[in-house]
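Worksheet for the structure shown next.
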Protein chains: 2
Amino acid sequence: MTGARGYHHGDLRRALLAAAVQVIEESGPGALSLRDLARRAGVSHAAPAHHFGDKPGLLTALAAEGFDLLAETMSDAGGELHEAGVAYVDFAVRHRAHFEVMFRPDLYRADAPEVQAARERAGAALRSGVAALPPERASAGDPQGDALAAWSIVHGFATLWLAGALPERVGDDPREAARAVIRRLFAAR
Amino acid sequence: MTGARGYHHGDLRRALLAAAVQVIEESGPGALSLRDLARRAGVSHAAPAHHFGDKPGLLTALAAEGFDLLAETMSDAGGELHEAGVAYVDFAVRHRAHFEVMFRPDLYRADAPEVQAARERAGAALRSGVAALPPERASAGDPQGDALAAWSIVHGFATLWLAGALPERVGDDPREAARAVIRRLFAAR
DNA sequence: GGGGAATCTTGTCAGCGACTAGATCGACCC
DNA sequence: GGGTCGATCTAGTCGCTGACAAGATTCCCC
């Protein structure tokens, strides 16, 4: 199915998304060019338009894929909120390209239904983690506040890590460093 | 000095930066075009190159200005860490264009000396806030951990707010919502 | 008032996103 | 087994952009 020989590519859509991930990981979303992706896939410069319409269309597909992956990653981490938080950071580092697009709504169509649905799945994973929080660590009667604080701290850590803004002393293991940060938020009081 | 009539503009550098802020606030950094900025300032398309060299050069100047403004904003908030955190979020919302560039190192030259110096000033403001934390709210012997957690939570909240990712229920006052989130981190234990 | 440097203009080039029209292929149906 | 129709891809074009080069204008300082 990956013949890539004849007139038809075989799985151009997937090839373009994969190439986009590679380019974004190397040089950021700003360096993305549909013509370059087409070149990498060995097709003409106008071929991508058929699958994604335009550049925001391609990034919309990437963002939806990202939110789906994120929801899956957090669910797989087990019900525990700390572990879901670590998984969030781990996802950002391992799927840097997806993550960098997902929270940049000026790059894609955030109101696309497939994005909304995937985003909702990720939100549910977060809420279920908060619900599983032992009472002595949760804020009585304000699970939404807990969720917002937890989301903020892991999202901030992940963003700063990816931006290379953190000092070297933090180390080179994002999971370990994230765990220490998250622990501070939900220490028993 | 703002004649803007003759052959010389008068203060083109400042005019270009101001126009850049406006464009980024309206449509994000991706929509930025040097030629458009030149048009807005009423000069030829090649005039910006003299002041900034190239596009990353212009964004480097914007980022440096941003880190300086951030350092000033946090210092002005008083020594208290909670207020410095609120000021951080407030800065992100009020100077959205600067903030959106500052933490996107693929857009500019983060190793430029004027950026490094301004960034260092902002870091010092954060550290002084952590140092002023009352003992019952600080982690004994780990001020760097406190700083990282505080930075993460305010940065994450600000980023999510700007991305429009937060649910409506959070409200429309970023300062108030940020205060509630920050309180959760440094509650006495 | 003269000279050198800073500032700005005009002209050019390749690359990009988007659009159009047309070529090729594959799957299905009779 | 042949025809048809839609999906996929190509080729060509347009206006826009960033970057560069060469030259014009103006400011500043001696």
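Naming convention: chains lettered A, B, ... in sequence-line order (proteins, then strands); numbering from 1 in each chain.
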Aromatic plane relationship, A/Trp161 with A/Phe157 - under 30° parallel, 30 to 60° tilted, over 60° perpendicular: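 Because their plane-to-plane angle lies in the 30° to 60° range, the rings of A/Phe157 and A/Trp161 count as tilted.
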Under-4.0 Å side-chain N/O to phosphate OP1/OP2 contact, A/Ser44 with D/dC9: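 A/Ser44 to D/dC9 OP1/OP2: no side-chain N or O under 4.0 Å.
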N/O (side chain, B/Ser33) to phosphate O (OP1/OP2, D/dC16) under 4.0 Å: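 No, B/Ser33 has no side-chain N/O under 4.0 Å of OP1/OP2 on D/dC16.
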Below 4.0 angstrom, N of the basic side chain to O of the carboxylate: do [X] and [Y] qualify?
X: B/Asp142; Y: A/Arg184; answer: yes
X: A/Arg119; Y: A/Glu114; answer: no
X: B/Glu120; Y: B/Arg127; answer: yes
X: A/Glu25; Y: A/Arg94; answer: no
X: B/Asp54; Y: B/Arg109; answer: yes

Relative orientation of the end axes in the helix from C/dG1-D/dC30 to C/dC30-D/dG1, expressed as an angle to the nearest 10° (five pairs per end):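 Its terminal axes enclose an angle near 10°.
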Sugar-phosphate only, base, or nothing, as touched by A/Arg39 at under 4.0 Å among non-hydrogen atoms: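 The residue A/Arg39 makes sugar-phosphate contact but no base contact.
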Sugar-phosphate, base or nothing in reach of A/Leu32, heavy atoms under 4.0 Å: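 The residue A/Leu32 makes sugar-phosphate contact but no base contact.
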Round to the nearest Å and state the distance from [X] atom [atom1] to [N] atom [atom2].
X: A/Arg13; N: D/dC9; atom1: CZ; atom2: C1'; result: 16 Å
X: A/Asp11; N: D/dA7; atom1: CG; atom2: P; result: 17 Å
X: B/Leu16; N: C/dT7; atom1: CG; atom2: P; result: 12 Å
X: B/His50; N: D/dG18; atom1: NE2; atom2: P; result: 19 Å
X: B/Leu34; N: C/dG15; atom1: CG; atom2: P; result: 19 Å
X: B/Phe52; N: C/dT7; atom1: CZ; atom2: C1'; result: 13 Å
X: B/Leu58; N: D/dA19; atom1: CG; atom2: P; result: 11 Å
X: B/Asp54; N: C/dA14; atom1: CG; atom2: P; result: 20 Å

Residues, nucleotides or ligands: over 12 heavy atoms within 6.0 Å of B/Asp173 CG: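 It does: B/Asp173 CG has more than 12 such atoms within range.
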Candidate nucleotides D/dT10, C/dA18, D/dG18, ranked by approach to the side chain of B/Lys55 - the nearest: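 Shortest atom-to-atom distance from the side chain points to D/dG18.
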Residue mapping more 5' on DNA chain D - nearest nucleotide basis, A/His51 or A/Arg35: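 Checking each residue's closest nucleotide, the 5'-ward one belongs to A/His51.
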base_contact_polar (D/dG12 base, A/His45 side chain, donor-acceptor, <3.5 Å):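 Yes, the side chain and the base share a sub-3.5 Å donor-acceptor pair.
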